[in-house]
Amino acid sequence: MEGENEYKRVAVFGGAGFVGNALVSKLLDLGIRVGVFDNFSTGRREFLDETSPHLEIVEGDIADRDRVEDFVQRFGPDAAVILAAVHYIPLCNRDPVLAMRTNVLGTHVVLQACGKAGIRKVVFASSAAVYGIGDNPHDEEEPPAPTDVYGMTKVIGEELCRDASRNYGLRTVVARLFNIYGPRETNPHVIPEIVSQALAGDLLRLGNLEPKRDYIHVSDVADALALLLLSPMSADFEVFNVGTGREYSVKEVVEIAERVLGRKLYIEPDPARMRRSDRLHLCARIDKMVRHFGWRPRVDLEEGLRRLLLWEWAQAVPSTVAH
Ligand SMILES: NC(=O)c1ccc[n+]([C@@H]2O[C@H](COP(=O)([O-])OP(=O)(O)OC[C@H]3O[C@@H](n4cnc5c(N)ncnc54)[C@H](O)[C@@H]3O)[C@@H](O)[C@H]2O)c1
């Protein structure tokens, strides 16, 4: 087994985004040199510690083969993580060509460049959106049955990883990430909406309240991705769910926010935010991560919401900034 824990240089495609900046700072803390490749469509330079001598930042599009190959050759990573994607589902529905170009063609270009450069391992950020609709927590063995363009692009991304492990001698690991929340979220999701409205007043205007999701704190996702990157794998292609194994409805999230804030919040249905169809459950089985690595998420939803509310509050009052 090669020494994954000896990786000294890691390329993070999409490293300036919400998950990316948390992962990059974790890798830098571990003493790893990090090369971020990002087009800054949603990610931001200021999310990264540009003063770090161990961090290199390159602007580029993952579907641009020459630029990706040049970056990989020049930076010379031992391993890579693919986070770059069009992730906001309404945007994927509005512009499926952009979603396919980024999530499918871009993933292909990066995998091919990594294979060509003799990189040893690639971790790919997939999504819970590859799963079909069902009431029970999802298992990695379940056949994918995506219900939207975004989920379809992630299924193809996973298959490209499987193919790269067969044909380019790359070891590839797929992380199926569930609903992530935490500081510096880039895409409009329900938890940042609840937090910003709750900080502004007691009345929340929200869409569907019943659908339950498996919300995982971004620091737990960064830990899990680092673990998948740095741990030896028993196979050349592996798939892991990264979630908490617990799901909460939007209504329950609001109730937890009430507890954290110590005040009552009132909900007013907002027809503009209602989705016509929404799956009622989306929850992970995390037995495989527990079995293989003894990994479990450390931040529960109440603690995660407390941290997020404090962080948002500190952003609004910069002189009291705390992390
Ligand atoms: N946030 C979640 O809840 C969640 C859940 C499941 C899966 N994921 C997946 O995790 C990954 C990271 O998600 P995120 O929430 O950090 O989103 P994000 O939008 O913050 O991160 C994506 C990053 O990729 C960059 N990017 C986008 N298109 C690019 C392109 N063509 N070339 C180069 N860079 C490009 C963006 O600028 C951004 O920095 C994505 O692959 C996403 O699909 C996220």
Side-chain angles (χ1 to χ4, degrees), residues 11-25 35-48 57-68 71-72 80-92 95 97-110 113 122-131 138 146 148-158 160-161 174-193 213-222 224-225 228 239-244 282-284 304:
V12 184
F13 294 89
F18 168 45
V19 174
N21 80 84
L23 176 65
V24 168
S25 84
V36 166
F37 185 97
D38 203 297
N39 72 351
F40 302 106
S41 51
T42 55
R44 310 242 294 265
R45 263 179 201 277
E46 58 269 31
F47 287 174
L48 299 166
I57 304 172
V58 169
E59 183 164 356
D61 182 334
I62 55 163
D64 180 341
R65 185 182 305 277
D66 291 344
R67 212 159 163 73
V68 169
F71 165 69
V72 171
V81 182
I82 306 176
L83 300 171
V86 178
H87 159 65
Y88 186 49
I89 291 176
L91 175 57
C92 292
D95 194 347
V97 173
L98 176 69
M100 295 281 181
R101 183 181 178 280
T102 309
N103 304 4
V104 176
L105 178 63
T107 300
H108 171 67
V109 165
V110 172
V122 175
V123 175
F124 172 67
S126 183
S127 165
V130 301
Y131 289 116
H138 298 281
D148 53 30
V149 169
Y150 171 66
M152 290 171 206
T153 64
K154 290 295 184 180
V155 173
I156 302 174
E158 291 189 2
L160 291 170
C161 289
V174 167
R176 290 184 180 155
L177 311 177
F178 279 66
N179 286 66
I180 311 167
Y181 70 100
R184 304 189 184 91
E185 195 155 345
T186 46
N187 292 287
H189 288 146
V190 72
I191 288 194
E193 195 54 54
R213 296 291 180 265
D214 183 338
Y215 295 105
I216 178 164
H217 194 263
V218 69
S219 62
D220 281 323
V221 173
L225 290 172
L228 293 174
V239 180
F240 291 91
N241 282 343
V242 177
T244 67
L282 189 56
C283 186

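FYI, side chains are in, hydrogens and waters are out, and symmetry mates aren't considered; it's all heavy atoms of this structure. All ligand and atom numbering here is 1-based and tracks the order in the structure.
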**Proximity winner for atom 38 (C) of ligand 1, if only heavy atoms of Val36, Asn187, Thr42 are counted** = Thr42
**Distance-only N or O hit between ligand 1 and Ala128, under 3.5 Å** = no
**Message:** Between Asn103 and Thr153 (side chain of the first, backbone of the second, donor and acceptor by atom type, cut-off under 3.5 Å), is there such a pair?
**Reply:** no
**Item:** Atom indices of ligand 1 within 4.0 angstrom of Ala125 heavy atoms, with elements
**Value:** 10 (O), 11 (C), 41 (O)
**Asked** Listed by chain and number, what are the side-chain hydrogen bond (donor to acceptor under 3.5 Å, both in side chains) partners of Glu158, not counting sequence neighbours?
**Response** Ser126, Arg176
**Request:** Examine the proximity of ligand 1 to Ile62 and report which part, side chain or backbone, both or neither, has a heavy atom under 4.0 Å away.
**Result:** both
**Message:** When you compare ligand 1 with His87, is there at least one nitrogen or oxygen pair between them that comes in under 3.5 angstrom?
**Reply:** yes
**Request:** Using distance alone, decide if ligand 1 has a nitrogen or oxygen within less than 3.5 Å of any nitrogen or oxygen in Phe18.
**Result:** yes
**Message:** Under a 4.0 angstrom heavy-atom cut-off, which atoms of ligand 1 come close to Gly60?
**Reply:** 32 (N), 33 (C)
**atom 13 (O) of ligand 1 [closest protein heavy-atom partner, distance rounded to 0.1 Å]** = Val19 CG2, 4.1 Å
**Request:** Would you kindly specify which portion of Tyr88 sits under 4.0 Å from ligand 1, judged on non-hydrogen atoms: side chain, backbone, both or neither?
**Result:** neither
**Asked** Side chain, backbone, both or neither: which part of Phe40 has a heavy atom under 4.0 Å from ligand 1?
**Response** backbone
**Item:** Contact partition for Lys154 relative to ligand 1, non-hydrogen atoms under 4.0 Å
**Value:** side chain
**Asked** Less than 3.5 Å between some nitrogen or oxygen of Gly43 and one of ligand 1, yes or no?
**Response** yes
**Asked** Can you tell me the protein heavy atom closest to atom 34 (N) of ligand 1 and the distance?
**Response** Asn39 N, 3.1 Å
**Polar atom proximity, Gly17 to ligand 1 (N or O, under 3.5 Å)** = yes
**Complete:** Honestly, for Thr186 the part within reach of ligand 1 (heavy atoms, under 4.0 Å) is side chain
**Option of least heavy-atom distance to atom 27 (C) of ligand 1 (set: Ser41, Ala16, Gly14)** = Ser41
**Request:** Distance to 0.1 Å, residue and atom name: give those for the protein heavy atom nearest to atom 25 (C) of ligand 1.
**Result:** Asp38 OD1, 3.3 Å
**Fill in**
The atoms of ligand 1 lying under 4.0 Å from a heavy atom of Asp61, numbered in the order shown, are 30 (C), 31 (N), 32 (N)
**Message:** Could you report the tightest heavy-atom contact between Phe37 and Arg67, atom names first, then the distance?
**Reply:** CE1-O, 3.9 Å
**Asked** So is Gly15 polar-close to ligand 1, meaning N/O to N/O under 3.5 Å?
**Response** no
**Request:** Please confirm whether the backbone N or O of Gly243 pairs with a side-chain atom of Asn241, one donor and one acceptor, at under 3.5 Å?
**Result:** no
**Message:** Using the side-chain hydrogen bond (donor to acceptor under 3.5 Å, both in side chains) criterion, which residues pair with Arg101? Sequence neighbours excluded.
**Reply:** Asp61
**Prompt:** How does Ala63 reach ligand 1, if at all, at less than 4.0 Å between non-hydrogen atoms: by side chain, backbone, both, or neither?
**Reply:** neither
**Fill in**
Smallest heavy-atom separation, Asp38 atom then Ala16 atom, equals OD2-N, 3.0 Å
**Message:** With a cutoff of 4.0 Å, is Val86 in contact with ligand 1, counting heavy atoms of the residue only?
**Reply:** no
**Prompt:** Just distances here: any N/O of His189 and N/O of ligand 1 closer than 3.5 Å?
**Reply:** no
**Prompt:** So between Leu83, Asp64, Leu48, whose heavy atom ends up nearest atom 22 (C) of ligand 1?
**Reply:** Leu83
